[in-house]
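Have a look at the structure below, then the notes.
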Protein chains: 2
Amino acid sequence: MSNSKLYKGSLNTIILKLLDEQGKMYGYEITQKVKALTKGELQITEGALYPALHKLEAEGLLDVEVAKVDNRLRKYYKLTEVGEKETINRLAELEEFIRSMQNIVNPNWSIN
Amino acid sequence: MSNSKLYKGSLNTIILKLLDEQGKMYGYEITQKVKALTKGELQITEGALYPALHKLEAEGLLDVEVAKVDNRLRKYYKLTEVGEKETINRLAELEEFIRSMQNIVNPNWSIN
DNA sequence: ATATATACATAATTTTCTTATGCATAATAA
DNA sequence: TTATTATGCATAAGAAAATTATGTATATAT
């Protein structure tokens, strides 16, 4: 909600990171997971999420597997081999970005 | 350079934060300060910076003062009273965002 | 019956960048 | 001395990445 306008550019990396640690996830599950991890701070909108998933798939970073659970459709996404390698790079970049931001907004913070 | 695509949405807050702690700064100075603070990681482009400064001014958050130094033009920006109040809010939001990102990419990090 | 949760999708629009360009002066390197 | 780099501003065109608004459909809770 309040911070929803701030995660621009990092959504793709968030998706990759979650898939890396969870193995496979479906779209709705990702939105709920992020909400839980951030105590409601980051709300990923569907209009951002689904196009992002489709793009990552088109880029060859994700594979899809359709399932039907409780008569409802689910599309499970998981990292391809290329996707796993990309995830490492993008995560490193995002972590560096976070450190840079901290150096600006609060140089006193220490990160361990 | 490498991370330049990641700071979308946070540039305004960075500007406000720097002006809050430095009192007044001119555009070029801001780009150099950010570069120094982030060891070259974040490069603020002029095409992003100047429109952002103009917009913040139009919103009433910044005041401008033109100076001529070494026969070159400088536009010093500083926070208005409204700008100072906004800075507090936006900084809090950005810090919360950074914490949220950390909860996702590295839940083991502790921040002090 | 109605609202909320689950689950996907896309189109229109807006925001916010990047890239490219332009002007001008000062300092430094070739 | 001439070319490049640094300093300093600005804006236009285009791309990227969101938001907002829809749309479809099933399940569950009130």
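Small disclaimer: the values here were computed from a predicted structure and weren't measured. Naming: A, B, ... by sequence-line order, numbering from 1 per chain.
Look at CG on Leu49(A): it is 17 Å from C1' on dA16(D), rounded to the nearest Å. We find that OH of Tyr26(A) is positioned 14 Å from C1' of dT26(D), with the value rounded to whole Å. Atom CG of Leu53(A) and atom P of dA9(C) are 8 Å apart (whole Å). Per the geometry, CD1 belonging to Ile44(A) stands 9 Å off P belonging to dA18(D), to the nearest Å. For the pair Asp70(B) CG and dG8(D) P, the interatomic distance rounds to 8 Å; values are reported in whole Å. Rounding to whole angstrom units, CD of residue Gln32(A) and C1' of dA7(C) are separated by 11 Å. When rounded to the nearest whole Å, the span between CD of Glu46(A) and C1' of dA5(C) equals 11 Å. Residue Arg74(A) contributes atom CZ, which lies 14 Å from atom P of dA9(C) at whole-angstrom precision.
Between the side chain of Thr80(A) and the main chain of Gly60(A), a donor-acceptor pair closer than 3.5 Å is present. Checking side-chain atoms of Thr13(B) against main-chain N and O of Leu94(B) turns up no donor-acceptor pair under 3.5 Å. Judged purely by atom type and a 3.5 angstrom limit, Glu29(B) uses its side chain to pair as donor or acceptor with the backbone of Tyr26(B). Using modelled atom types, no side-chain atom of Ser100(A) and backbone atom of Glu41(B) make a donor-acceptor pair closer than 3.5 Å.
The listed nucleotides are dT25(C), dA10(D), dA9(C); the one nearest the side chain of Asn71(B) is dT25(C). Considering only the side chain of Arg72(B), dT25(C) comes nearest among dT25(C), dC17(C), dA7(C). Among the nucleotides dA7(C), dC17(C), dT11(D), the one closest to any side-chain atom of Tyr50(A) is dA7(C). The Lys55(B) side chain lies nearest to dT16(C) when the options are dT16(C), dC8(C), dC17(C). Side-chain proximity of Lys75(B) to the nucleotides dA9(C), dC9(D), dT19(D) is greatest for dC9(D). Here the nucleotide nearest the side chain of Thr45(B), chosen from dT10(C), dT19(C), dG8(D), is dT19(C).
The residues Arg99(B) and Glu95(B) are annotated as not salt-bridged, no charged nitrogen and carboxylate oxygen being separated by less than 4.0 angstrom.
Contact annotation: His54(B) does not reach the phosphate of dC9(D) (side-chain N/O to OP1 or OP2, under 4.0 Å).
Within 4.0 Å (heavy atoms only), Glu29(B) reaches no atom of the nucleic acid at all. The residue Gly27(B) sits close only to the backbone: its heavy atoms come under 4.0 Å of sugar-phosphate atoms, none of a base. Contact annotation for Lys68(A): no contact, since no heavy-atom pair falls under 4.0 Å across all strands.
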